[in-house]
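Encoded as structure tokens, the structure appears first; notes follow it.
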Amino acid sequence: CRAPPARAKRGMTPLEWEVVGGRACRAAWPLTQPDFTIECLLGAGTFGRVFRAKRACAWGGCADVAVKVIPRRSTMPSREVSIMLELRDKPHPHLLALDEYFFHTAFGQLLLCMVTPLFEGSLNMWLDAHAHDVGAVGLALTCRLVGNQLGSALAHMHLLDIIHRDVKPENVLLTHARGGMHCVLADFGSAKRVASAAASRSVPYVTTLNYRAPELFFGCTRYSGDPDVWALGCVLAEVLLGGAPLFEDEATLGDGTAGQICFMMRTLGVPTVDDFFAMNPELSEAQIYSWLGRVRPVEVRAGWRQRVV
């Protein structure tokens with residue numbers, strides 16, 4: 001758990017300020033549900049924060065849970081909640097389960113609170129802590145285990161016409177049971193129902209940059225589960241590399257989309273015109289040349305018609 005900041009506002013304790021003070025959660029406190037006690041902050045994202053909490057049980061004890069807190073404008077269930085409820089009706093052992101959700105109102109603000117099981121940490125945390133200890137063989141075994149579990153989880157979602165759109169190590173939660181690693185895919189804030197790739201349009205600016213599929217960089221708006229599969233491949237490569245992202249280079253950090261595309265081309269080879277049209281059939285040749293003109297370095301642009309392996 002991360003320690004709360006040593007500051008308070010409007011008579012709040014430091015932990016209370018963690019919930020309401022950040023840009024992601026300018027909302028009310030305290031959490032007045034009688035059977036929950038917030039203990040500490042576990043992580044923060046763009047739209048909400050996750051806390052470790054204790055929930056009073058019917059038999060008199062307490063259970064450790066995670067509570068995700070998100071500001072809301074109405075009591076209508078969010079898309080994330082509705083998708084998690086559907087996944088709860090059709091469960092999978094490697095998808096994070098929603099125990100319950102409720103709304104909390106105070107100071108005229110509204111909070112959506114989602115309660116889920118508590119896990120030991122994320123795949124990203126495990127790589128930071130253990131990648132150098134387990135060696136190449138251990139990383140290969142971990143890659144195989146994570147690939148099997150997350151692959152089956154994504155296949156289950158895609159069969160239900162749901163795409164995740166934010167697969168990354170931070171969203172893979174881990175626990176160790178019976179001497180083995182158990183992974184679950186979490187954070188369905190970007191998830192969406194898609195009947196078919198041709199049936200509806202979706203925004204291309206989804207998925208964290210290092211795990212974003214190339215067709216999304218080139219503006220494809222008709223996609224289904226393919227970007228999830230690409231992102232999973234990037235995660236597995238990162239495991240094999242001991243925690244180093246596959247498509248991240250110090251020379252391209254800070255260059256945004258153009259730098260990311262440049263490094264992907266230098267790693268995998270430069271696409272041909274047919275490749276561009278396969279990624280996004282709505283591209284024109286002028287747009288393709290425009291994209292290539294924004295990509296550095298010069299040797300990538302010069303050899304764009306050839307495969308560079």
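We use all heavy atoms of the structure for the numbers below, so side chains are in, but hydrogens, waters and symmetry mates are not.
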**Report entry** Residues that Val115 engages under side chain to side chain contact (heavy atoms under 4.5 Å, CB included), provided they are two or more places apart
**Finding:** Phe36, Arg55, Val65, Val67, Asp99, Glu100, Phe102
Requested in this report: Flag the pair Lys54 and Asp64 as a salt bridge only when some basic side-chain nitrogen lies within less than 4.0 angstrom of an acidic carboxylate oxygen.
Outcome: yes
Query raised in the report: Hey, does Phe217 have a side-chain heavy atom less than 4.5 Å from the side chain of Asn280?
Result: no
Query - Check against side chain to side chain contact (heavy atoms under 4.5 Å, CB included), Met157 and His92 - result: CA-CA 9 Å; Met157 290 184 65; His92 189 278; over 6 Å; no
Report task. If the plane angle is over 60° it's perpendicular, under 30° parallel, otherwise tilted; pick one for Phe247 and Trp230. Result -> parallel
Query raised in the report: Is His94 close to Leu185 at the side-chain level, that is, under 4.5 Å between some pair of heavy atoms?
Result: no
Query - Donor-acceptor pair between Ser190 and Arg165 side chains, under 3.5 angstrom - result: no
Report task. Would you give the length of the straight line joining atom CG of Leu98 to atom CE of Met114, rounded to the nearest 0.5 angstrom? Result -> 7.0 Å
Query raised in the report: Mind checking whether Leu141 and Leu236 sit in one hydrophobic cluster, side chains of I, L, V, M, F, W, Y counted as touching below 4.5 Å?
Result: no
**Report entry** salt bridge (charged side-chain N to carboxylate O under 4.0 Å, His left out) partners for Glu86, two or more places apart
**Finding:** Arg193
Query - Spatial distance of atom CG (Leu118) from atom CG (Leu42) [nearest 0.5 Å] - result: 6.5 Å
Requested in this report: If the plane angle is over 60° it's perpendicular, under 30° parallel, otherwise tilted; pick one for Tyr101 and Phe103.
Outcome: perpendicular
Report summary line: Sorted by chain and number, sequence neighbours left out, salt bridge (charged side-chain N to carboxylate O under 4.0 Å, His left out) with Glu215 holds for none
Report task. Decide side chain to side chain contact (heavy atoms under 4.5 Å, CB included) for Val206 and Tyr223; before the verdict, give the C-alpha distance in whole Å, the side-chain angles of both, and the deciding distance to 0.1 Å. Result -> CA-CA 12 Å; Val206 291; Tyr223 57 85; 3.6 Å; yes
Query - Residue pair Ile261 / Pro214, side-chain heavy-atom distance below 4.5 Å - result: no
Query raised in the report: Could Lys168 and Asp187 be called an ion pair, given the rule that one side-chain N must be under 4.0 Å from one carboxylate O?
Result: no
